[in-house]
Amino acid sequence: MKKQTKAIRIQAEKSQNREHSVPLYLTSSFAFESAEQGKALFEETEEGNIYSRFSNPNVTEFVDKVCMLENAEDGIATGTGMAAVFASMAALLKSGDHLVACRALFGSAHQIITQILSKWGITHTYVDATATEAEWEAAMQPNTRMVYLETPSNPGLELVDLEMMGRLKQKYGFILNVDNCFATPILQTPIDFGADLSVHSATKYMDGQGRVLGGIVVGSKELIQPIRFFARHTGPSLSPFNAWILSKSLETLELRMERHCRNALQLAEALDTHTDVERVLYPFLPSHPQYDLAKRQMSAGGAIVTIELDGGFERVKAFFDALTIPTLSSNLGDSRTIVTNPNTTTHAKLKPEEKAALGITPGLIRISVGLEAIDDLINDFTQAVEKSAEVVKEKVV
Ligand SMILES: *Cc1c(COP(=O)(O)O)cnc(C)c1O
């Protein structure tokens, strides 16, 4: 069966009520039918739920679906994407280990690496996402235990060559850990390129409607086992309610991603030809510096389009004022189109040289393209581009 069929048909076992839609197992614990059963469950000679910090039917259903989509053996769901990122690192790294990561990281991942892991004697080296194989190799140390990547990156949409990283993993034996949030398993499956782990903020496209927080890490049984131990005892568990929402949302993930990506490509093409737009970045635009790589490792370009407008923050303000459909928010991966100015919001705290390394300029705008009718989006963005260009020109005169 195709993945789309399985994403709809994988389901927690029916109760005696023969419900069609999976019920919400909003329960903190599970009862034992006998003293023997309690003993067997704790001895793990019998499989079953004990306590929702360890497992829960709604959470298991969500994990089973993501494992299926990612071609992974096993997984652990968490309350947020950051809990998944942190668990994948904290469970597998120890004092004295070295981590290599791409420079363009989600802000909180950067904070974990530089402010938290560093307290425990775990060192790191950052490498540009677009670095050559030799540059990645130069970052390797005898104690390099993990390589952590985001591809495509936020907000610069730089890609890391997953096939190359899979090759380097064979040579150096590190754990290859990929944040696959931007691509989703619909567009890219890192495990097929040799990644050991794929982590997600399920808050984004997996939910897709901006309702709940969630996270997940999937990978080989061998690596998930210590992460499960870590999660079971430190408690970053996903709530059954959120798991129920997320599992339902996975039924429509492929359908939504198709529309998200089609809208994003059409909007990127429309803005790319507009003389009042300085630059348009989108992995599936032939003008993207890594277009060929994008075509090799992703089945579509994703739903983030990054544009640059001339005229600094004044232009950004005028542009945002003129837009009528999108929401101004720092979130992404919603059915509703969202715009952000990374320089003054998500990346505001970076030092000027860090911003320069990531290409964060004052006029940069990240567009999380939603599911609205594409004609409405193109019309709205076009009029706002033109209106804001006029406003800035008038101020200069
Ligand atoms: C949002 C996001 C995260 C963090 O996820 P939360 O669910 O907000 O904790 C991690 N990585 C990427 C790429 C993200 O976009």
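When a ligand or atom number is given, it counts from 1 through the structure's own listing order. Quick note: numbers below take in every heavy atom, side chains included, and nothing from hydrogens, waters or symmetry partners. In this chain, residues are counted from 1 in sequence order. Since the structure is predicted, the reported quantities are computational estimates derived from the model, not experimental observations.
Annotation: ring pair (Phe, Tyr, Trp, His ring centres under 6.0 Å) contacts involving residues 245-272, sequence neighbours excluded, comprise Y205-H260.
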Quick one: side chains of residues 109-118, donor-acceptor pairs under 3.5 Å with protein atoms, not counting sequence neighbours, listed by atom name and distance.
{"residue": "H110", "atom": "ND1", "partner": "Y126", "partner atom": "OH", "Å": "2.8"}
{"residue": "T114", "atom": "OG1", "partner": "H110", "partner atom": "O", "Å": "2.8"}
{"residue": "S118", "atom": "OG", "partner": "T114", "partner atom": "O", "Å": "2.7"}

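Using a 30° and 60° split on the angle between ring planes, F241 and W244 fall in the parallel class, below 30°. Ring geometry, F381 versus F319: the interplanar angle falls from 30° to 60°, so the pair is classed tilted.
A search for side-chain contact (heavy atoms from CB on, under 4.5 Å) contacts involving T344 returns F313, N341, not counting sequence neighbours.
Around ligand 1 you find T80, G81, M82, F106, E150, D179, C181, F182, S201, T203, K204, G214, each with a heavy-atom distance below 4.0 Å.
Just one residue in the list R145, M140, H98 forms a side chain to side chain contact (heavy atoms under 4.5 Å, CB included) with F174, and that residue is M140.
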